[in-house]
Structures are given as structure tokens and as C-alpha cells.
*Asks:* 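Starting off with a structure, shown below.
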Amino acid sequence: MAHDGTVTGGDERPELDKLNENIERIEGLSQRLSAALARKKPIPAALQGPSQELYMKAASAYMSEMVNNPAKIVEHQIGYWGKTLKHYVEAQQRLTKGDMTPPPDDSPKDRRFSNPLWDTNPYFNFLKQQYMTNAQAVEAAVVDMGALDDRERKRIEYFTRQIVDMMAPTNFLATNPDALERAVATDGESLVMGLENLVRDLEDHDGEMVVNLADKTAFEVGRNIGTSKGSVVFRNRMFELIQYAPSTETVHTTPLLIFPPWINKFYILDLKEKNSLIKWVVDQGYTVFVVSWVNPDESYADVGLEDYIEQGYFTAIEQVKDITAQDKINVVGYCIAGTTLSIVLGLMQKRGDTSVNCATFFTTLTDFSDQGEVGVFLDDDFIDGIEEEVKTSGLMKSLYMSRTFSYLRSNDLIYQPAIRSYMLGEAPPAFDLLYWNSDSTNLPGRMAVQYLRGLCQRDELATKGFEICGETVKLSEVCVPLCAIGCETDHIAAWDASYNGIRKMGSTDKTFILSESGHIAGIVNPPSKKKYGHYTNDDLSLAPQEWKGTATFTSGSWWPRWEAWLSGRSGAQIPARNEGDSGHDILAPAPGTYVKSS
């Protein structure tokens, strides 16, 4: 009772009940957290980061600069401390005068700092400006180190950037205004929800800190993604072969067989009806087949590239020829499946096998002289670690591949999703592309080492030749008509490296198309979206940048341009083929069973 005789506490009771409820939830979540962390398996140190040798080289290079060029170091230090102290003094002067506005801010725009408080609040603005100053100083110190070769410098710059990004004030609760505002507005409920999200992610990944990028309950392959109609018409240990049902009365005589990468699952090409490349090609009047690769377990430890080639590519090609009663077919290879397709075509040339009429390559690397951004993970320190790991487990587990590609875009695929999930307490979005991105696969240990050593590290296919299936294959032996699509901002298969590989192939009939956007969005770019355009240029004798500089830009998707190229190499129209017409057994409806294994 208050002094004036009124009764109080009625409004406080619900808040107290909510507080007690949250405390109970936190206690339960803490127990689950401990249990999830206890399941965490040790990861070899070699797969956690670059070797200590790289850091020693960086330290030695910096010391060398101090000895040989002290004026440069002093200039850096004076510039850094001068800017830092100037900013501090300006902020203090304003505060002592009661001025609660931040000092002038000329730091570059950064979407991480989109909350207005980063610009208007003196505390948050000071943090932002100081972080930007620190980041610039660290990056300048690395760039100006002289005693490093280009490859070492690129790796040090990359891993330095990772550390700088990790230390951004947005990544910490006490210095993230979005998270603090949300916590106040929800009476702390957002933090409890964030803890629930964190515990759930740890439980889903056996104690590993992997952020769930998408709502796993929102999608089911075969129900609302990967829904194009078709049937599994062949299955062996390596793959299921899916034949898609026609949607036109007639189709081209020559069928099309698509080889997707086995690093991820094939339904990236069949996410939803509106952005499905598979459905779009079927609707243009083609008999379309797709290989759905098995997701390997430990029993596949000794499977190598030759198994993917003989039991995969050659078997699938023969099956499609048999089912359609055709002597020749057209083929597509995407990413690593395109790399392997180029090997297959070289082997066919040596064997006198004319089963492939023409080939298309989606974002495919065959010339690894420029490894692009992913090259920072292709030195011996990482590859040695992978080789040791696969000797024990038999697999290059999906965790390592997905984590590697995520760190190439860490702000977008690690830190920002973690902030939304753990600090803001938001549920992961129902986003089909992110769901697919999280649905990753293992790689057989032997195959992974063959690919990383022979193709990525030693660049044998584009140079001395790659030994496989009893032959030595070179790019110059790829002689079928071909079309290749690169993507302008691809961080996995840099377009200029892809272009250089195509130039080294032996075909006299080559077409190269450069799509805007990246490794996935540049390929999954339906005409209906009218989003990303593309470049074309018939002169493939030009160096990459000169080719692009003189290319013709066309708005809209490259799909219709490619289909026009393909239709001229696909024969006349015949009555549409249905699954089972050839007498082959139908084993399961599309998308099959292999795609659903985790």
C-alpha cells in the first residue's frame, strides 16, 4: 500500500511472472547449451586457420620494414595516432561543452552501421570512427609490407581482413545499438530468444558454431522446392538419373543431360517454379535429364575422380543415349561438375567416343593459374590438414566446405546472420536459396585430395596434363562445340579464370557469356525477373579485361541467348518423350531419394 492508501503492484505482477519465466527458460537453455557443447568433436588445428608459418612471415616482413624503412613505419604510426587523438580530443571538447552531437565523421559508408545512432549518438559514433581508423591502419600496414611475394601478401591481407571484420563493434552486444534497442523494447525477451536460437544451432551441428541461415521447417525437397515433375529412371552407387516430364507436345531430338556439382545438391537448378532452370528448359521443348549425386558416407572413402567419371559421367551419358535412342546428346556441367566434364570430354577425344554433341559450362574453373578468392585456402597448410583428416574419417565433411565458402563472405553469411539470430532474437528467414546453401554434402576423401592437389594446386589439366583413368588429359583435347557462362562477381570461380580455361580448350566453336552477379545468382537468373544482364563478345583471342571492355551488354537473363545457341545444336522437333516410354523402370518420382539424404 502506498502512503496515500492506494494499492500498488497490480501492474508489476505480469512483469515479475515474465521475468521468472525467462529465468527458468535460461536455466533450461544453459543445461542444453552445456550438453550441446559436450558433443563437439575436436577439429584439427590445420583446418582452423592458416599455419603459424604465415603469421611468422607477416611478423618478419613487418620487422624488416622497421629495420630497412623506419621512416615509413614512423609515418604510419604518426598518421594513425594523430587521427586517433584528434578524434578523441574533438569528442571530449564537445562533451565538456554539453554538446551531445558527435564530431565530424568522414568515415566511409558501411551497411553494418546503418542504425542512425552510429551517426548521431556520440558513444556509438566514437566506437564506429575508432573502429574504422583501426581497420584502415591495420590494412595499410599489411599492404605496405615489402618482403612478401604476391601469394603470401594476398593470404595475409585476407586473414587480416577476417580478424578486422570479426572485431567490428556490431558483433558485440554492448556495442550494438540494434541489439540494445531490441532488448529494451522487449524487456529482454529478444536476448532469451537469441539464446534459444544459439542453443538450437549448436544442437543441430553437434556443438559446432554454425548459424542456421534459413528456417529448416519452411521447406521440404519435393514438396515446395525441387518440385518439377519427373522420375528416377536409373540408379547406381554414385547417382540417380532423373528424367523430367515434358511440358510441350514436341521436343528437340537431342536430349540434354545436366551434371550439377556434388559439393551441393542439384535442386539449386530447381528451387521453385518461377526460378527453376530445369523447368524453364523443359518448357522450351527439351528432353531434360539431371544427375542427382549420392551424398557420400564413410563407405565412399576410396572413391576417386575416376569413379565419378566412369560410374557417373560415362554411365549417365550411356543411359540417356539408350533411353532416348540417340547416338549423341548435349551436356551441361556446373562448377566442379564442369571441371570434371572437361576431363570427360578430353577422355572421349582420346577414346574416339563421339557421344557428346555439344557442351555447356556453368561457372567452371579448368585453368587454376588464378585461383581467385578461394585460393587463400589452397596452400599446403590447409590441404595437408585435409589430407590428414580424410585419412582418419574417409571424408571431407560438409562442415569444412560450407565453412570455407561462408568465410569468403563472412559479413553476409556469418556475422550478420549471427547478429540477427543471437542478438536480435529473430527466427531464420524462410528463404529457399539459403535453405539450399545449408543443405551441403560430404566429399569422398580420395576424390577431394585428387581434386585439390592435381587440379587446384598443380593446375595439371591446363598445363602438363592430368592423369586419370589410365590417360593424361589436357584442356586442348576438349574439341566439341561449347558454350561457357561466367559470373561477374563470382567469388568461387572467378570469371576471368573461367574464360582463360575456355580459351585453352581445343574446340573451334566456342561461345562465352558473362552474366552479372555471382556464382549462384548469376546462374539462377530467370528471364521473368529482368534483374541481371550479360556481356557477349565473339573475339575470344582477347585477354579477359579487354574482352569485357569491348563486349556488348544486354539487359536481362542470358538463358534465352544460351537456349538459342543450344537449339541450333539439338536437332528437329519430334513427339515429346515421357518417362517410361523406352521401357526402362521408373524407380521413384522426382526429385528422387539421394537428394534427401543428409
Side-chain angles (χ1 to χ4, degrees), residues 219-233 239-247 255-295 312-313 316 320 329-341 359-364 431-441 483-487 490 492-493 513 515 517-529 531-532 534 557-563 566 589-592 594-596:
F219 300 101
E220 181 184 348
V221 180
R223 178 176 64 85
N224 54 1
I225 50 175
T227 58
S228 289
K229 294 180 180 179
S231 303
V232 175
V233 292
F239 71 94
E240 289 182 329
L241 181 66
I242 300 171
Q243 179 181 352
Y244 285 92
S247 61
L256 180 68
L257 170 59
I258 301 174
F259 292 100
W262 52 91
I263 292 174
N264 289 100
K265 296 182 179 178
F266 83 89
Y267 64 89
I268 184 59
L269 300 176
D270 188 34
L271 287 173
K272 289 186 290 194
E273 183 174 334
K274 65 180 182 181
N275 63 359
S276 170
L277 176 64
I278 288 171
K279 184 180 187 307
W280 186 86
V281 176
V282 168
D283 288 345
Q284 307 314 303
Y286 292 85
T287 306
V288 177
F289 294 82
V290 170
V291 165
S292 174
W293 299 103
V294 71
N295 187 4
Y313 285 76
V320 171
I329 70 170
N330 294 330
V331 292
V332 174
Y334 190 176
C335 190
I336 187 177
T339 307
T340 311
L341 176 60
T360 301
F361 298 94
F362 293 168
T363 61
T364 293
F431 187 10
D432 56 354
L433 180 57
L434 290 179
Y435 177 88
W436 167 86
N437 188 70
S438 299
D439 191 13
S440 51
T441 59
C483 179
I485 293 86
C487 295
D490 196 329
I492 295 172
I513 301 170
S515 173
S517 195
H519 192 71
I520 301 301
I523 296 299
V524 184
N525 180 27
S528 59
K529 279 191 174 183
K531 192 169 185 180
Y532 300 119
H534 59 279
S557 174
W558 55 268
W559 290 11
R561 184 179 298 276
W562 169 62
E563 193 278 324
L566 184 66
Y594 281 3
V595 73
K596 297 181 180 181

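Side-chain atoms are counted along with the backbone in the values below, which use heavy atoms only and exclude waters and symmetry mates. Predicted model only: the values in this text are computed from it and were never measured.
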*Asks:* Extract all donor-acceptor atom pairs below 3.5 Å that involve side chains of residues 517-527 and protein atoms in other chains or at least two apart in sequence.
*Replies:*
from, atom 1, to, atom 2, distance (Å)
H519, ND1, D490, OD1, 3.1
H519, ND1, D490, OD2, 2.7
N525, ND2, Y532, O, 3.1

*Asks:* Quick one: list whatever passes ring pair (Phe, Tyr, Trp, His ring centres under 6.0 Å) with F239, sequence neighbours left out.
*Replies:*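 Listed in chain order: F234.
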
*Asks:* Considering all heavy atoms of both residues, which atom of D270 and which atom of S276 are nearest to each other, and what is their separation?
*Replies:*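 For D270 and S276, the tightest heavy-atom pair comes out as OD1-OG, 2.7 Å.
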
*Asks:* As an exercise, state the distance from CD1 of I336 to CD1 of I492, rounded to the nearest 0.5 Å.
*Replies:*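 The CD1 atom of I492 is 11.5 Å from CD1 of I336, to the nearest 0.5 Å.
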
*Asks:* Got a second to check how far T364's OG1 is from I485's CD1, nearest 0.5 Å?
*Replies:*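 Interatomic distance, T364 OG1 to I485 CD1, rounded to 0.5 Å: 9.0 Å.
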
*Asks:* With rounding to the nearest 0.5 Å, note down the distance linking CD in Q243 to NZ in K229.
*Replies:*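 Taking CD in Q243 and NZ in K229, the distance rounds to 15.0 Å.
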
*Asks:* In a check of ring-ring contact (aromatic ring centres under 6.0 Å, His included) between W280 and each of Y244, W562, W559, which one passes?
*Replies:*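 Filter result, single survivor: W559.
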
*Asks:* Mind checking what makes side chain to side chain contact (heavy atoms under 4.5 Å, CB included) contact with A337, not counting sequence neighbours?
*Replies:*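 Only F259, W262, Y313 meet the side chain to side chain contact (heavy atoms under 4.5 Å, CB included) criterion with A337.
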
*Asks:* Okay, side chain of W293, backbone of P261: is any donor-acceptor separation there less than 3.5 Å?
*Replies:*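 Side chain of W293 to backbone of P261: no pair is present.
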
*Asks:* Which pair of non-hydrogen atoms, one from V282 and one from A245, has the smallest distance, and what is that distance?
*Replies:*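 That would be CG1-O, 3.4 Å.
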
*Asks:* Which pair of non-hydrogen atoms, one from P591 and one from I242, has the smallest distance, and what is that distance?
*Replies:*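 Taking P591 first and I242 second, the nearest heavy atoms are O-CD1, 3.4 Å.
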
*Asks:* Say you draw a straight line from CD1 of I225 to CG of D432; how long is it, rounded to the nearest 0.5 Å?
*Replies:*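 Output value for this atom pair is 6.5 Å.
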
*Asks:* Out of curiosity, Y435 OH to L271 CG, how far, rounded to the nearest 0.5 Å?
*Replies:*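 Reported value, rounded in 0.5 Å steps: 11.0 Å.
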
*Asks:* Under the rule for side chain to side chain contact (heavy atoms under 4.5 Å, CB included), what residues qualify as partners of N330, not counting sequence neighbours?
*Replies:*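 Checked N330 against side chain to side chain contact (heavy atoms under 4.5 Å, CB included); matches are T254, L256, N357, C358, L566, S570.
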
*Asks:* Between L241 and F289, does a side-chain contact (heavy atoms from CB on, under 4.5 Å) hold up when you go through it step by step?
*Replies:* CA-CA 7 Å; L241 181 66; F289 294 82; 4.0 Å; yes

*Asks:* Please report the shortest heavy-atom distance between P255 and V320, naming the atom on each side.
*Replies:*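 Minimum heavy-atom separation between P255 and V320: CG-CG1, 3.7 Å.
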
*Asks:* What pair of heavy atoms forms the shortest contact from K272 to N224, and how long is it?
*Replies:*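 Scanning both residues completely, I find the closest heavy atoms to be CG-O, 3.8 Å.
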
*Asks:* Could you check if a side-chain atom of P246 sits within less than 4.5 angstrom of a side-chain atom of T287, using non-hydrogen atoms only?
*Replies:*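 The answer is no; the side chains never approach within 4.5 Å.
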
*Asks:* Do F362 and L277 have side chains that get closer than 4.5 Å, going by heavy atoms?
*Replies:*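 Yes, side chains in contact.
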
*Asks:* Kindly give the heavy-atom pair with the smallest separation between V290 and L257, and that separation in Å.
*Replies:*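 Scanning both residues completely, I find the closest heavy atoms to be N-CD1, 4.4 Å.
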
*Asks:* Quick one: list whatever passes side chain to side chain contact (heavy atoms under 4.5 Å, CB included) with T441, sequence neighbours left out.
*Replies:*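 T441: side chain to side chain contact (heavy atoms under 4.5 Å, CB included) contacts with K265, N295.
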
*Asks:* Test of understanding: with ring pair (Phe, Tyr, Trp, His ring centres under 6.0 Å), list the residues that count as partners of Y594, not counting sequence neighbours.
*Replies:*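 Residues passing ring pair (Phe, Tyr, Trp, His ring centres under 6.0 Å) with Y594: none at all.
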
*Asks:* Can you tell me how far CG of L269 sits from CD1 of I278, rounded to the nearest 0.5 angstrom?
*Replies:*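 Separation between the atoms: 5.0 Å.
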
